[in-house]
Q: 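Got a structure for you, questions after.
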There are 2 protein chains.
Amino acid sequence: MKEPNSPDSPLADLCRQRGLKLTGQRRTIAFVLSDSDDHPDVEELYRRAVEVDPRISIATVYRTVRLFEENGILQRRDFGGGRARYEVADGDHGDHYHLIDADTGKVIEFENAELDALLDGIVRQMGYDLVTTRLSVVGRRKAKPRSRG
Amino acid sequence: MKEPNSPDSPLADLCRQRGLKLTGQRRTIAFVLSDSDDHPDVEELYRRAVEVDPRISIATVYRTVRLFEENGILQRRDFGGGRARYEVADGDHGDHYHLIDADTGKVIEFENAELDALLDGIVRQMGYDLVTTRLSVVGRRKAKPRSRG
DNA sequence: TCTGATAATGAGAAAGATTATCATTTGCAA
DNA sequence: TTGCAAATGATAATCTTTCTCATTATCAGA
Ligand SMILES: [Mn+2]
Ligand SMILES: [Mn+2]
Ligand SMILES: [Zn+2]
Ligand SMILES: [Zn+2]
């Protein structure tokens with residue numbers, strides 16, 4: 001266990017702000033999420049949550065990520081592989097996209113205002129308002145160009 | 001049944017070109033795919049295939065779309081909803097993206113060379129070669145601007 | 001602080017999509 | 001035409017996620 005009854009995590013506070021009942025399990029999951037800067041799936045969140053409070057159930061993790069997503073606290077991501085992955089919907093962090101390393105699976109985040117604007121313009125021109133952009137690119141690390149000789 | 005023992009469909013020919021054994025089931029599924037211009041899931045492909053040859057099995061449809069995808073004949077798409085959807089990997093048709101109508105679920109294809117180039121440049125600048133772009137946007141039809149009066 | 005209504009939880013069943021198994025059939029090269 | 005490797009059909013198994021329902025916990029109000 002780490003950081004037991006400390007002041008609530010940012011996400012736990014958000015939880016309360018949204019008028020959601022703040023149970024022990026939700027406090028734990030909120031803490032784990034606030035503490036993560038990657039894109040864990042539910043199994044991984046469960047593992048991390050159990051470290052904090054061993055009597056949490058995976059059913060509750062599923063329920064909680066769904067609840068948090070519905071309340072705009074979490075964002076669900078799909079990087080292929082059949083499982084949903086989650087990250088905090090951070091207003092500061094801003095919208096971002098993901099590059100997945102084809103060989104290692106590593107996820108690299110990036111932002112690009114030109115891309116934002118281009119997508120928005122394309123969709124608008126088609127007569128729609130953009131609601132969601134689902135974008136991830138898979139790439140393979142370029143071989144370092146060798147100095148010839 | 002429609003179009004029984006006619007000349008093979010373009011996809012069936014492709015199948016043969018790749019050295020894949022051309023079974024009756026594969027011929028049927030290839031025909032159904034060539035005949036489709038939308039993004040059917042496996043269940044839908046199965047329904048369409050059964051119209052042509054009633055003794056086809058859904059297991060074979062699953063196997064065949066996987067085989068065709070592995071051989072670059074089909075492209076798998078994910079528009080959410082938990083099922084894979086497929087379309088012919090058409091060289092002529094070119095790479096394209098998908099706009100999903102948030103209210104109706106309708107899928108609208110679009111191409112955009114600027115988007116192609118921008119994504120390629122972004123990925124390259126991060127030190128990667130672009131392998132796959134997974135992009136779909138969800139949009140909501142704009143209300144027609146009313147002439148005020 | 002105590003109580004009760006209500007909502008959340010845990011454990012496991014169920015659902016839904018996809019893949020694996022295995023006995024039988026089929027395509028196709030010789 | 002034959003033989004064999006590969007494909008098929010039927011169905012079991014797998015995997016992720018949701019549902020069910022009896023039990024427990026939260027929290028507003030007394
Ligand atoms: Mn994982
Ligand atoms: Mn369907
Ligand atoms: Zn991210
Ligand atoms: Zn398409």
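Sequence lines set the chain letters: A, B, ... in the order given, protein chains first and strands last, and positions in each chain run from 1. These numbers come from the heavy atoms of this one structure, side chains and all, not from hydrogens, waters or symmetry mates.
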Q: Stepwise, does the side chain to side chain donor-acceptor pair (under 3.5 Å) test hold for H39(A) with E44(A)?
A: CA-CA 9 Å; H39(A) 305 83; E44(A) 179 61 28; over 6 Å; no
Q: Measure CG/D53(A) against C1'/dA8(C) and give the value in whole Å, please.
A: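 Rounded to the whole Å, the gap is 14 Å.
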Q: Would you call R48(B)-D38(B) a salt bridge at under 4.0 Å N-O?
A: yes
Q: If a pair satisfies ring-ring contact (aromatic ring centres under 6.0 Å, His included) and one of its residues is in residues 103-134 of chain A, list it, with sequence neighbours excluded.
A: Y97(A)-F110(A)
Q: Give the C-alpha distance, both sets of side-chain angles, the deciding distance and a yes or no for side chain to side chain donor-acceptor pair (under 3.5 Å) between H96(B) and E111(B).
A: CA-CA 5 Å; H96(B) 63 271; E111(B) 299 183 39; 5.9 Å; no
Q: Using distance only, find each side-chain donor-acceptor pair of residues 17-26 of chain A under 3.5 Å and give its atom names and separation, not counting sequence neighbours.
A:
{"from": "R18(A)", "atom 1": "NH1", "to": "N71(A)", "atom 2": "O", "distance (Å)": "2.2"}
{"from": "T23(A)", "atom 1": "OG1", "to": "R26(A)", "atom 2": "N", "distance (Å)": "3.1"}
{"from": "R26(A)", "atom 1": "NH1", "to": "K21(A)", "atom 2": "O", "distance (Å)": "2.8"}

Q: Could you state the CD1-P distance from I56(B) to dA7(D), rounded to the nearest angstrom?
A: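 That distance rounds to 15 Å.
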Q: Between R18(A) (CZ) and dA8(C) (C1'), how many Å, whole number?
A: 20 Å
Q: Can you name the closest pair of heavy atoms from I56(B) and Y46(B) and give their distance?
A: O-CE1, 3.5 Å
Q: For nucleotides 17-30 of chain D, give me one character per nucleotide, 5' to 3': B if any protein heavy atom sits under 4.0 Å from the base, S if the only such contacts are to the sugar-phosphate, - if neither.
A: BBSB-----BS---
Q: Would you tell me if any nitrogen or oxygen in the side chain of T60(A) comes within less than 4.0 Å of OP1 or OP2 on dG10(C)?
A: yes
